[in-house]
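All values below were derived from every heavy atom in this structure, side-chain atoms included, with hydrogens, water molecules and symmetry-related copies excluded. We name chains A, B, ... by the order of the sequence lines, and we start the count at 1 in each one. Nothing here was measured: the structure is a model prediction, and the numbers come from that model.
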2 protein chains.
Amino acid sequence: MKTRRTTIKDVAEAAGVGVATVSRVLSGGSASPRTAERVLDVAARLDYRPSALGRNLRRRRSGGIGLLLPDITDSFYARLADGVLGCARSAGEPVVLGATGDDEEREAELIGTLLEQGVERVIAVPCGGGETWEPALRAGLIVVFAHRSVTGRADAPGPPAVSACATVPAVLADDRAGVRTALDYLTGLGHRRVAYLGGPGQEQRLAVFRRTLGPLVDEELIVLARGSRDSAYAAAAGLFQRRPDLTAVLAGGNLLGEAAVLAARELDLRVPRDLSLVMFDDVPWAELCAPPLTVIAQPAQDIGYRAAELVLRAGDQRPRGVLLPTELIVRGSCGPRGPSRSPR
Amino acid sequence: MKTRRTTIKDVAEAAGVGVATVSRVLSGGSASPRTAERVLDVAARLDYRPSALGRNLRRRRSGGIGLLLPDITDSFYARLADGVLGCARSAGEPVVLGATGDDEEREAELIGTLLEQGVERVIAVPCGGGETWEPALRAGLIVVFAHRSVTGRADAPGPPAVSACATVPAVLADDRAGVRTALDYLTGLGHRRVAYLGGPGQEQRLAVFRRTLGPLVDEELIVLARGSRDSAYAAAAGLFQRRPDLTAVLAGGNLLGEAAVLAARELDLRVPRDLSLVMFDDVPWAELCAPPLTVIAQPAQDIGYRAAELVLRAGDQRPRGVLLPTELIVRGSCGPRGPSRSPR
DNA sequence: AACCATGATGGAATCGTTTCCATGAAGACA
DNA sequence: TGTCTTCATGGAAACGATTCCATCATGGTT
């Protein structure tokens with residue numbers, strides 16, 4: 001009993017006009033008011049919905065926005081996705097979601113799938129570098145980076161050629177200001193041994209961390225985890241055990257922050273008495289935590305929304321990038337430097 | 001400098017065969033080993049990737065899985081989505097995501113978009129009833145419900161016709177057992193006035209709640225919120241103020257649980273001394289909360305994965321549904337019934 | 001009245017694939 | 001050797017839209 005969908009041809013016949021006319025009426029081309037009305041009427045009566053399949057083939061691209069995130073399970077990326085979804089909905093565009101797991105290979109694979117699908121607009125939190133994105137750009141993909149951007153890797157061999165990725169617009173939170181504010185706050189409280197607990201793709205933040213801390217920076221206090229919860233916990237626990245003299249931690253993401261709280265609790269470190277903690281990204285549970293966490297809020301949803309706006313407004317001269325403000329929200333996880341747990 | 005993609009025709013020419021042969025070789029049809037090798041070789045050399053656009057048009061459907069969720073920002077749905085993503089990736093299928101906001105209209109709209117795109121396989125946490133889904137099913141959509149299923153609304157007028165939705169497979173957590181276990185636990189601790197804080201689409205749980213509690217049930221202690229955080233908070237705060245005699249709450253989701261904790265704190269109710277709390281859905285922050293929350297864990301990711309399996313395995317006789325186990329995880333948010341705050 | 005500009009209209013080509021069908025070659029069997 | 005079966009193969013027809021282009025009607029201008 002599967003009844004064939006009504007096609008443009010059906011509408012044309014029923015309205016007694018040619019398919020070209022129907023197409024024109026429906027996509028706002030020129031047509032006489034009388035014809036237009038009749039076509040619209042018939043189309044409505046037959047419940048005609050143009051198939052995106054035919055259109056896409058003809059246009060040699062499928063509408064739709066690709067969205068590549070490290071992990072949809074991470075509250076930050078989920079909110080970012082929500083922003084994209086919101087903007088896409090008002091534009092009537094479907095969103096194709098892919099999780100990269102912060103793995104270059106998987107990212108490349110997903111880009112391939114999108115390309116195959118004819119998706120040509122992508123919003124990505126990139127994990128791969130130029131080697132991943134340059135080919136995609138060459139293939140005609142319209143890309144907007146969100147939250148992170150592809151920086152010419154310092155460790156890349158060969159001449160520092162200007163990467164095509166540099167021309168990709170990026171919607172970023174103002175990490176620089178965020179890190180600075182947090183560090184000012186912590187050093188203002190008297191902390192001198194401040195650790196950084198980072199995740200993948202945080203070169204930018206790390207650089208600011210180093211620069212801001214200046215002579216106070218201690219490379220041993222900088223720890224990078226991979227994307228997973230386990231890895232984050234291991235990094236935090238390892239750091240705390242290795243360096244009992246540290247008095248404050250800046251966690252570069254809510255997963256890292258969670259891990260820090262857990263590890264601190266496990267090692268019987270009292271927050272904020274023994275250890276002050278500032279976390280990047282304000283999540284709902286930051287307030288529920290004991291003590292409530294002091295955080296650097298990032299406008300995750302806005303980032304997504306703006307990125308979607310940018311990627312949809314292709315062709316126009318697009319701004320090179322957008323920097324959205326962060327905000328330090330002081331709750332209860334930081335205190336003045338107490339007596340160090342084990343002074344050197 | 002946009003260079004046209006290589007098409008099947010290019011490959012055919014370069015390999016000195018017909019396009020039909022290339023198509024056959026690439027999709028595993030019959031071909032002589034010699035030809036096959038040559039075609040494969042040429043295809044690889046030209047970096048040929050078949051365009052999904054052409055294929056989709058011909059097949060009159062685009063591969064891909066539609067995923068309709070109330071809110072990607074909710075940790076539970078995010079994990080569910082992650083499960084779907086995992087399964088879809090191993091099948092090489094793209095996933096089109098849509099957020100319904102638990103709004104029937106938006107859901108219907110999204111279904112329309114998917115249909116238009118030629119997506120014919122959908123995993124949904126439905127919010128609309130038969131009026132939304134029946135037309136979709138009639139249009140040939142292959143649907144699997146996740147987490148909730150469409151029950152014939154008791155309040156629907158007309159004869160209780162067997163809805164086509166009843167034939168849609170559903171992957172559900174064992175709510176019945178979850179609610180029972182939680183209630184047994186709470187009543188075992190001596191609680192008699194147990195409230196239920198619910199969200200949209202929880203008829204099933206609510207029914208079990210009423211049945212299990214039996215004569216103890218108090219309709220005034222049953223409060224339903226809409227999907228948003230604000231609404232959840234209002235519901236919780238309202239409930240706590242209205243009925244200071246209640247001693248335990250079962251929150252039907254992590255948003256509701258969060259709201260309950262917040263509202264309790266705001267009203268200076270001590271958990272678990274003044275108020276015992278059990279929350280549906282184990283989220284990472286449940287452990288970070290003060291006190292750590294006792295929860296009914298649901299296998300969100302599995303639900304997504306299994307649903308994806310089911311929707312991909314169309315045609316085969318599919319099981320009617322899958323019921324996945326829940327687990328009560330006892331932490332610190334429940335205690336014996338203390339002296340009631342204001343005994344009647 | 002002849003001519004031109006304008007705008008509505010429909011036929012047909014096109015997008016890149018899959019798949020039906022006809023063709024021809026090669027091998028099997030009597 | 002003739003016939004029949006089997007199988008690889010390529011041409012061509014879909015699929016459903018958009019869009020180029022030629023045609024035709026209309027109305028205004030000289």
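Nearest-nucleotide mapping onto DNA chain D: of A:Gly54 and B:Gly16, the residue sitting toward the 5' end is B:Gly16. Each of B:Leu57 and A:Val22 lies near DNA chain D, and the nucleotide nearest B:Leu57 is the one positioned closer to the 5' end. Taking the nucleotide of DNA chain C with the nearest heavy atom to each of A:Gly18 and B:Arg58, the more 5' of the two is matched to A:Gly18.
We find that CG of A:Leu53 is positioned 21 Å from P of C:dT14, with the value rounded to whole Å. If you take CG of B:Leu26 and P of C:dG16, they are 16 Å apart, rounded to a whole angstrom. Counting to the nearest Å, the C1' atom of C:dC15 and the CZ atom of A:Arg59 are 12 Å from each other. Rounded to whole angstrom, the span from the CG atom of A:Asn56 across to the P atom of C:dT17 amounts to 14 Å.
Heavy atoms of B:Ser23 sit under 4.0 angstrom from at least one base atom. Within the 4.0 angstrom heavy-atom criterion, base atoms lie near A:Ala20.
A tilted orientation is assigned to the rings of B:His147 and B:Phe76, their planes being inclined by 30° to 60°.
Atom OG in B:Ser90 sits 8.0 Å away from atom CD in B:Glu309 (nearest 0.5 Å). Rounding to the nearest 0.5 Å places CD1 of B:Ile303 at 11.5 Å from CD1 of B:Ile123. The structure places CG of B:Leu137 at 11.0 Å from OG1 of B:Thr132, a figure rounded to the nearest 0.5 Å. Here the OG1 atom belonging to B:Thr35 is positioned 11.0 Å from the CG atom belonging to B:Leu40, to the nearest 0.5 angstrom. Distance check, rounded to the nearest 0.5 Å: CG of A:Leu80 to CG of A:Asp302 gives 10.0 Å.
The shortest distance between the side-chain N/O atoms of A:Ser30 and the OP1/OP2 oxygens of C:dA8 is below 4.0 Å. Checking the phosphate oxygens (OP1, OP2) of C:dG7, no side-chain nitrogen or oxygen of A:Ser32 falls inside 4.0 Å. Taking side-chain N and O atoms only, A:Arg60 has a distance below 4.0 Å to OP1 or OP2 of C:dG16. The phosphate of C:dT9 (OP1 or OP2) has a side-chain N or O of A:Thr35 nearer than 4.0 angstrom.
Between the side chain of B:Arg55 and the base of C:dT17 there is no donor-acceptor pair of N/O atoms closer than 3.5 Å.
Reading DNA chain D from its 5' end, the first and the last nucleotide to sit under 4.0 Å from a heavy atom of chain A are D:dG16 to D:dT19.
The pair B:Glu109-B:Arg106 does not meet the salt-bridge criterion, since no charged nitrogen lies less than 4.0 angstrom from a carboxylate oxygen.
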